[in-house]
Amino acid sequence: MTDSKYFTTTKKGEIFELKSELNSDKKEKKREAVKKVIASMTVGKDVSALFPDVVNCMQTDNLELKKLVYLYLMNYAKSNPDMAIMAVNTFVKDCEDPNPLIRALAVRTMGCIRVEKITEYLCEPLRKCLRDEDPYVRKTAAVCVAKLYDINAQLVDDQGFLEQLKELLSDSNPMVVANAVAALSEMNEASITGSPLIEMNSQTINKLLTALNECTEWGQVFILDSLANYSPKDDREAQSICERITPRLAHANAAVVLSAIKVLMKLMEMLPTDSDFVTTLTKKLAPPLVTLLSTEPEVQYVALRNINLIVQKRPDILKHEMKVFFVKYNDPIYVKLEKLDIMIRLASQANIAQVLSELKEYATEVDVDFVRKAVRAIGRCAIKVEQSAERCVSTLLDLIQTKVNYVVQEAIVVIKDIFRKYPNKYESIISLLCENLDTLDEPEARASMIWIIGEYAERIDNADELLESFLEGFHDENTQVQLQLLTAIVKLFLKRPTDTQELVQQVLSLATQDSDNPDLRDRGFIYWRLLSTDPGAAKDVVLAEKPLISEETDLLEPTLLDELVCHISSLASVYHKPPNAFVEGRPGLRKSLPARNENASASNVPQAAVIPAPQESLIGDLLSMDLTTPAVVPTSVQPPSVDLLASGLDSLLTTSDLPAASSSNTGLLGDIFGFTPTPVSYSPPKQLWLPSENGKGLEIMGTFSRKNGQISMDMTLKNKAMQPMSGFAIQLNKNSFGLTPARPLQVLNPLLPTASYETSLPLATTGLVQRMEPITNLQVAIKNNIDVLYYACIIPMNVFFIEDGQMDKRVFLKTWKDIPAENEVQFTLKNVLCNTEAIVLKMSQNNVFTIAKRHVEGQDMLYQSLKLTNGNWVLNELKIQPGNPNITLSLKLLAMEVAQGVFQAYDAILHS
């Protein structure tokens, strides 16, 4: 009779009976009782009351009974920690039993009993078992160390178990090595510090590679995963590891094959791409991947998801294997859709005829979802392979002729994309598309058809009638269709204004007055105002030339792809998401492929005034920054200014024929409304501060400005990654002028892919000061949910010119005389096309104040003063000769390091 009889009893008073049987003198009866207890426990009954009686049964030589008692202990020890200590002596005794199975069983059970009180008793038996003569006991003990680390990491460190595990990596038995590697990997992932507990070196790697050939398949997976985390010291070592791993590609277990491919993909990044070795290795990777596609559907799906990543990273591996991805009639839908995706990724001019023939067949299948995807795939092929576009369009037209509703609708959606990719090439088919107008009932298809009519309205005689037919049920349409219809009618009006005026008024009225959708209403108002105020501008905006659409819009963002390649053969490679996106708890170490050797020495060429990205000192300083939200700093506090000046003679300047220039003049508007117009200060055009390739998909363009006494960092943030960005924060390194954020950075949250956002960050000058080189260099750290990013930029000196920089004439002359002659520097401002009055006005708008003007020997002399945010004064003399575009600028100042910046500010302002 089988053990199923133990699960059928439901008698009352059973606990009492079991108690007496457990204390029986007969071994057979005792064993039967323990089996009944385990059966009750398995089906969910509470048998914890029998804990002391079951523990008493541990004192036995019967291996089967001992296993059952240990199973009970593992389940109930946590709820009875005080009682569980009773079993410790037996565990310790069993760890010295002559039978290796009992020794291993005892140490395994002690590791599974997650009770703090027992942990301290576990150390000595575990230490002995790690050095046991039997490999089965050693491999069990290795896993027990990982379990103990999860309970008490400090204890493992203090007791020296890490060193013992490291010794096991050199064990003669391959299964012991595999379990030691598995334990270390588990502990590394759970490590709070994030740094590896044991550094791998060449000797350790050689031992792992030796064990790889002899251990079981799951042991091989553990070792391969560990090898994937090792970075070889040079190309030669990387090549040697590749050669020793390559035989694993022929393994029968799919997990071993994928783990081997993961290691090879990572190591290939370190080798020169054009080497013969990489070419040969690329050819060897194809057959095992193809073999995985002949397994059961579930394994096929996992393999296809991994192949999708591999093809995006290295399309050459499978470029000749298109046929294996052709769909079979009995494939499940999830396998079909994945195969279709990979077919498009592998499509090229060489195989496009074959691919299109297959896709046309798929479009006649019975599965609607699959047919839709097949039709879309034809459109993607047209966009990807330009030479095939005509053939793809012809295929789509054949499918439209079938008059199958969902086929026609998908075809129209993809033809719209083809028109975007190849303008003025296939518009002759529009009339055929218009014939199917009445059959369209899906929002995306209707929106696509409306876009086509609006975009090519000048080629469609009855475009107004067609669009008017959509307008009849405007309020019942999907938002996507309403927005497209509004834009299409405005386009039509701009192309044919005479006969569509009534139509455009009708749609604008529907969008702005009768709609409660804010997006639609806003767009309607924008169009209405554009058309009513400046039709020319409306034409430029609405009928602007559109950028060609991208070939591959669904590729993973490069940094995400690199991370996922490091997780091949794991759940992350199936989800196409990094582990921290779906695993709760510790974030763990983020993995990434190593940088290619040929690119290691390449440096990014900075654009204009952008400083090359981080030096060692920059990274050191910025890494120590606190990137939490900064406290708001009042901007009005100024450092105490140095009193450079005293009263003196003013005979030189008494003949001034120019009153002191005021920073602003109040005109008629000021008289009527009581306000003073703000002078327009110079702000340089935006520079590219952080390219998207350095910013992991985030591009930042920016400039600096000064308005109403406030310095601002004006930025445009654009998300060029394939995932949303959020959690933005900014910090500035110590700099020459003490710039620091006056409030937290405000960015649209989340910033979606392809979206851009304009933001202005007010800056205060109350931060820590450190002399930079050049003096206006600013180092910035910006954080988001992806990473902390670093860049450096140059601040234009004029933003530090403050509003109270106008000096009294007498003080000016005294100060000019007091500053030593060696503190005077001269510059030449070339090709300045401004007269004296224009120079005075321009400079006053930027807080450079004219103290006096003189006419000497046929040239104008301007004397000006400015004051910096740190309290330093700069006195200036301009020599302007009528008819000569070159101007001599003399600066007198105590802080000589700012002279070059002041000259550059003059040059930029006068050429603006």
Engineer: Filter on ring pair (Phe, Tyr, Trp, His ring centres under 6.0 Å), then keep only pairs touching residues 398-417, sequence neighbours left out; what's left?
Structural biologist: none

Engineer: Identify, with sequence neighbours excluded, every residue that meets side chain to side chain donor-acceptor pair (under 3.5 Å) alongside Gln505.
Structural biologist: none

Engineer: Measuring from atom CG of Leu761 to atom CD1 of Ile782, what distance do you get when rounded to the nearest 0.5 angstrom?
Structural biologist: 9.0 Å

Engineer: Can you list every pair that meets ring pair (Phe, Tyr, Trp, His ring centres under 6.0 Å) and has a residue in residues 360-389, with sequence neighbours left out?
Structural biologist: Tyr362-Phe370

Engineer: Looking at side-chain heavy atoms only, is the closest gap between Ile378 and Val355 below 4.5 Å?
Structural biologist: no

Engineer: Taking side-chain hydrogen bond (donor to acceptor under 3.5 Å, both in side chains) as the cut-off, I'd like each qualifying pair that reaches into residues 489-501, sequence neighbours left out, listed once.
Structural biologist: Glu455-Lys491, Glu458-Lys495

Engineer: Hey, could you give me the NZ/OH distance between Lys336 and Tyr301, rounded to the nearest 0.5 Å?
Structural biologist: 15.5 Å

Engineer: Can you pull the ring pair (Phe, Tyr, Trp, His ring centres under 6.0 Å) pairs that have at least one residue in residues 506-529, sequence neighbours excluded?
Structural biologist: none

Engineer: Taking 4.0 angstrom as the limit, do Asp341 and Arg345 come out as a salt bridge?
Structural biologist: yes

Engineer: Is a side-chain N or O of Arg446 found less than 3.5 angstrom from the main chain of Leu440, in a donor-acceptor match?
Structural biologist: yes

Engineer: Atom CG in Leu437, atom CD1 in Ile453: separation rounded to 0.5 Å?
Structural biologist: 5.0 Å

Engineer: Tell me, which pairs form a ring pair (Phe, Tyr, Trp, His ring centres under 6.0 Å) where one or both residues lie in residues 456-477, sequence neighbours left out?
Structural biologist: Phe419-Tyr456

